[in-house]
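Scope of the values below: all heavy atoms of this structure, side chains included, with no hydrogens, waters or symmetry mates. All chains are named by letter (A, B, ...) in the order of the sequence lines, taking the proteins before the strands, and each is independently numbered beginning at 1.
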Amino acid sequence: MISESLLPWYDKHARDLPWRLSPRQRCANPERQFTDPYHVWLSEIMLQQTTVVTVKSYYLKFLDLWPTVHELAAEELDKVLSAWAGLGYYARARNLHRCAKMISEDFGGVFPNNEEDLLVLPGVGPYTAAAISAIAFDEPSTVVDGNVERVIARFYALKDPLPGVKGQMKACAAKQTPAQRSGDYAQAMMDLGATICTPRSPACVICPIQENCKGRKGGIAADLPKKAPKKIKPTRRTYAYVFKDNKGRVLLRRRPDKGLLGGMTEVPTSGWLEGQDPLLDPTLEVLAEWDSFQGIVKHTFTHFHFEIVVRSAEFSQDVSRLAKELGASWHSEDDFGALALPTVMKKILRHAKLST
DNA sequence: AAATCGGGGCC
DNA sequence: GGCCCAGATTT
């Protein structure tokens with residue numbers, strides 16, 4: 001069993017993370033052995049496809065702004081999106097807010113304590129449901145994230161590629177899940193994957209489960225797990241129009257609730273075309289004397305590269321009518337911090353000599 | 001099953 | 001430049 005050697009290692013080497021009770025805290029408070037479900041849920045949503053280092057400051061900021069799920073539920077969505085800006089995968093923030101309302105208004109502020117009921121919550125999938133039930137309630141759920149997949153693939157020397165081998169990995173992981181200290185075990189597996197059983201050059205010589213690891217015995221640990229080849233990313237191009245008024249304000253608008261950067265704040269742009277030069281937006285072009293070529297902002301999303309030609313112009317009249325026509329509103333630089341500006345939009349504004 | 005959905009740090 | 005990250009949701 002992995003847990004026999006892994007848990008003693010975890011007791012010594014567990015990482016100190018904001019959403020994790022330290023051994024001292026657990027010793028001082030025998031009543032509270034597990035992290036508050038609200039804290040576990042919040043951290044797990046943030047940690048989806050996102051590194052621990054990146055999440056830490058956001059997690060602490062959110063708890064500071066909204067100490068309980070009720071306060072988060074009562075907040076405006078745009079305020080939550082603003083606080084989430086920069087973390088990426090903004091559907092997570094929208095689902096987080098929906099879920100908070102559900103917990104606060106329908107569940108009396110009490111999180112479900114088992115995998116099946118947690119799975120119903122928006123933004124909570126198989127991994128997160130298992131993680132919350134294990135970490136917050138010590139349920140013997142099988143928690144499988146990217147770390148665990150790597151550890152299991154190596155421990156059992158599973159050579160078939162992801163994602164096809166996911167089912168087999170889950171079955172292997174389930175066999176190892178202990179009935180006791182399930183939450184600690186889940187976190188120990190993830191710590192192991194993050195610090196020792198790393199993607200490149202794993203530190204097998206100091207690994208607590210090296211004894212029974214088939215990947216290490218076969219000398220193939222570093223080559224696992226195998227993954228299916230990835231598709232190449234196309235490039236999309238657009239013009240971004242930075243409208244400035246004579247007070248140094250800029251026209252910004254809210255993106256549609258669904259899809260890419262849903263609900264976030266944006267600079268008006270022309271169509272996002274693939275594989276060709278961007279097209280000027282005729283309705284925006286005639287509204288001002290635009291600066292000549294100002295250079296290109298480059299940004300890469302999950303599934304495409306993005307190249308933005310930035311244009312800017314200053315307005316002296318009809319600014320309110322213009323805002324109405326574009327469905328946009330004027331914002332001064334001082335307010336940028338309170339807006340839900342995704343990173344690509346901050347790049348564009350900075351390129352136009354505005355400080356975000 | 002495949003596509004969509006961010007951003008940063010590392011090599 | 002590609003890879004990885006405490007994945008979920010939609011098509």
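- OP1 or OP2 of C:dC5 lies within a sub-4.0 Å distance of a side-chain N or O belonging to A:R150.
- In this pair, A:F315 and A:W290 present their aromatic rings perpendicular. The plane angle is above 60°, beyond the 30 to 60° band.
- Looking at the side chain of A:K231, the nearest of the listed nucleotides C:dA6, B:dC5, B:dA3 is B:dA3.
- Nucleic acid contact for A:G193: none, since no nucleic acid atom lies under 4.0 Å from a heavy atom of the residue.
- Residue-level contact check: A:G86 touches the backbone only, with heavy atoms under 4.0 Å from sugar-phosphate atoms and none from bases.
- Among the nucleotides C:dA8, B:dG6, C:dC5, the one closest to the side chain of A:Y127 is C:dA8.
- Comparing the same atom, P, in B:dC5 and in C:dA6 gives a spacing of 23 Å after rounding to whole Å.
- The separation between A:I45 atom CD1 and C:dC5 atom P is 18 Å, rounded to whole Å.
- Residues A:K230 and A:V144 each lie close to DNA chain C; by heavy-atom proximity, the contact nearer the 5' end of the strand is made by A:K230.
- There is no side-chain donor-acceptor pair under 3.5 Å between A:Y185 and A:Q176.
- Nearest-nucleotide mapping onto DNA chain B: of A:T54 and A:H303, the residue sitting toward the 5' end is A:H303.
- A straight line from CZ of A:R92 to P of C:dT10 spans 16 Å, rounded to a whole angstrom.
- For C:dG7, the base has no donor-acceptor partner in the side chain of A:T50 [N/O atoms by modelled type, under 3.5 angstrom].
- The OH-C1' distance, from A:Y10 to C:dA6, rounds to 12 Å in whole Å.
- Counted by atom type alone, A:N147 and A:R150 present one or more donor-acceptor pairs between their side chains at under 3.5 Å.
- Of the listed nucleotides (C:dC4, C:dA6, C:dG2), C:dC4 has the atom at the smallest distance from the side chain of A:K227.
- Judged by distance alone with a 3.5 Å cut-off, no donor-acceptor contact links the side chain of A:T343 to the base of B:dG6.
- Between A:F301 and A:F306, the ring planes are tilted. Angles from 30° to 60° get that label.
- Of the candidate nucleotides C:dA6, C:dG2, B:dG6, C:dA6 has the atom lying nearest to any side-chain atom of A:L17.
- The pair A:R26-A:D184 meets the salt-bridge criterion, since a charged nitrogen lies less than 4.0 angstrom from a carboxylate oxygen.
- Aromatic rings from A:Y58 and A:W84 are positioned such that their centres are separated by 6.0 Å or more.
- Rounded to the nearest Å, the gap between the P atom of B:dG6 and that of C:dT11 is 15 Å.
- The side chain of A:H299 contributes an N or O atom lying less than 4.0 Å from OP1 or OP2 of B:dG7.
- At the phosphate of C:dA8, OP1 or OP2 sits under 4.0 Å from a side-chain N or O atom of A:T128.
- Contacts of A:P342 with the nucleic acid, taken as non-hydrogen atoms under 4.0 Å apart, involve only primed sugar atoms and P, OP1 or OP2.
- Atom CG of A:L47 and atom C1' of B:dG7 are 14 Å apart (whole Å).
- Whole-Å rounding puts the A:E274 CD to B:dT4 P distance at 9 Å.
- Counting to the nearest Å, the C1' atom of B:dC5 and the NZ atom of A:K233 are 11 Å from each other.
- The closest side-chain donor-acceptor pair between A:N114 and A:S133, if any, does not fall under 3.5 angstrom.
- Contact annotation for A:L261: backbone-only contact, meaning every heavy-atom pair under 4.0 Å involves sugar-phosphate atoms and none involves a base.
- Base contact: A:V52 has a heavy atom under 4.0 Å from a base atom.
- At C:dG7, one or more side-chain N or O atoms of A:Q49 fall inside 4.0 Å of OP1 or OP2 (strictly under the cut-off).
- In this structure, A:W19 reaches the bases: a heavy-atom distance under 4.0 Å links it to at least one base atom across the strands shown.
- In this structure, A:Y89 places its OH atom 10 Å from P of B:dG7, rounding to the nearest Å.
- Remark: the A:R15 side chain and the C:dA6 base include a donor-acceptor N/O pair separated by less than 3.5 Å.
- The distance from atom CG of A:L162 to atom P of B:dA1 is 14 Å, rounded to the nearest whole Å.
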